[in-house]
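Throughout, protein chains are lettered first and strands after them, A, B, ... in sequence-line order, and every chain is numbered starting at 1. For clarity, every value in this text was computed on a predicted model and none was experimentally measured.
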Number of protein chains: 2
Amino acid sequence: MEASVVIILKRCESIPTAENYIGVDKGALTLARSGKRMLLAIGDFDSVEESDLSCIKEYSDAFIQLNTIKDDTDGEAAVMYAIGKGYQKIHLYGGLGGRVDHAMINLRLVSRFPETVYLHDENNFIYSLGEGIHSIGKRDYTYISFFTEDESIITLEGMKYPLTNQKLTNKDTYTTSNEILEEMGIVTVHTGKVTVIQSKDA
Amino acid sequence: MEASVVIILKRCESIPTAENYIGVDKGALTLARSGKRMLLAIGDFDSVEESDLSCIKEYSDAFIQLNTIKDDTDGEAAVMYAIGKGYQKIHLYGGLGGRVDHAMINLRLVSRFPETVYLHDENNFIYSLGEGIHSIGKRDYTYISFFTEDESIITLEGMKYPLTNQKLTNKDTYTTSNEILEEMGIVTVHTGKVTVIQSKDA
């Protein structure tokens, strides 16, 4: 059984059920206010009142207040903490929407840690896959799209638009809006790694 | 004077003032309902009623109905049409939020066409810069962030965190949340190209 943790980033409003939480900035306040105990509360907390801060501390096993200059790597710091603690599945909530530069950082974290960092919101489920054969559940997503940061070779089976040993580059835009036909699709990554976006319309 | 066009994508609700418009899918309906004449209405229009379709046609000089299989490259088709018609500044609205795969395609269009394709929403203004010295206005954005799809060397002046001949790769996440100190900052791209995200908090 792999150890997993849910990281609640500042923009997150609803909290999924989990065994372990890390709260980032206002995400820590959201967790504390919901009575959820955190492994760690981390952030610069410059937008949080003094009284809220004591509430956050009350609900967190560890507390790290970052310099405001480090503000925008809060999420990254939380992910690195979770990896350092041995968590193998790290689920980020509240990391999309709003500022696109923040979303970009979260997408790069996904790409840096295949099958480890997962990004969630109401319409999207995003993760990356390293070399190997991967079974992908359709879940309740309509579409499945593939992107690569560098270059990869992939095979797609059980999908509306199958591909065989297809080279994918970071300029390609055509591997979007594919669909898993039945319950499961198979993605084989022959070389490189791919970012997978499973999505549904808003 | 460079010819410019505003492309309204499906998710766009408020329309900026412009001389030339292209409407994509529901974006075309939004334009038609606001009485805006379009150079082109393009999309699969599968989510648009028959009566809406005649309204769209009434307001558009050209009309292209794409196969639904081509659905998700509607925005790309609109950009290629605008480039083919000689427009040098192409502003996309409604291309962020919702499905991240769609946003990724729009970000790749930005990167593919430096100083040509601009992506806008309430919190973000995104474009890319090719080699050369570029003056960047602060406008009403708090932050300025830099990303590259491949590799580039940049110098940043007039910013809170200046950089000199800094190599940037597509793995880097530290060039975010910089700030232009006065009215203008200077970005020199020595080699490669960079995507610039000017943003403000939601």
Please check this pair: side chain of Asn170(A) against backbone of Glu149(B), looking for a donor-acceptor N/O pair closer than 3.5 Å. yes
Residue list, ring pair (Phe, Tyr, Trp, His ring centres under 6.0 Å) with Phe113(A), at least two apart or on another chain: none
Quick one: pull up CG in Asp101(B) and CZ in Phe147(A) and give me the separation to the nearest 0.5 Å. 5.5 Å
How many angstroms lie between atom CG of Leu107(B) and atom OG1 of Thr173(A), to the nearest 0.5 angstrom? 12.0 Å
Check each atom of Asn124(A) against the heavy atoms of chain B and say whether the ones under 4.5 Å are side chain, backbone, both or neither. side chain
Is the shortest side-chain N to carboxylate O distance from Asp121(B) to Arg99(A) below 4.0 Å? no
Interface moiety of Thr142(B) toward chain A, non-hydrogen atoms closer than 4.5 Å: neither
Need one label for Ser47(A): side chain, backbone, both or neither, based on atoms under 4.5 Å from any heavy atom in chain B. neither
NZ of Lys36(B): more than 12 outside heavy atoms within 6.0 angstrom? yes
Counting heavy-atom pairs under 4.5 Å to chain A, which of Thr175(B), Asp201(B), Leu96(B), Ile126(B) comes out on top? Asp201(B)
Atom pair NZ (Lys171(B)) and CZ (Arg108(A)), whose distance is rounded to the nearest 0.5 Å: 8.0 Å
Heavy-atom pairs under 4.5 Å with chain A are the metric here; pick the option from Leu119(B), Leu109(B), Asp150(B) that has the most. Asp150(B)
Residues 181-199 of chain A: residues contacting chain B (heavy atom under 4.5 Å, by number): Ile197(A), Ser199(A)
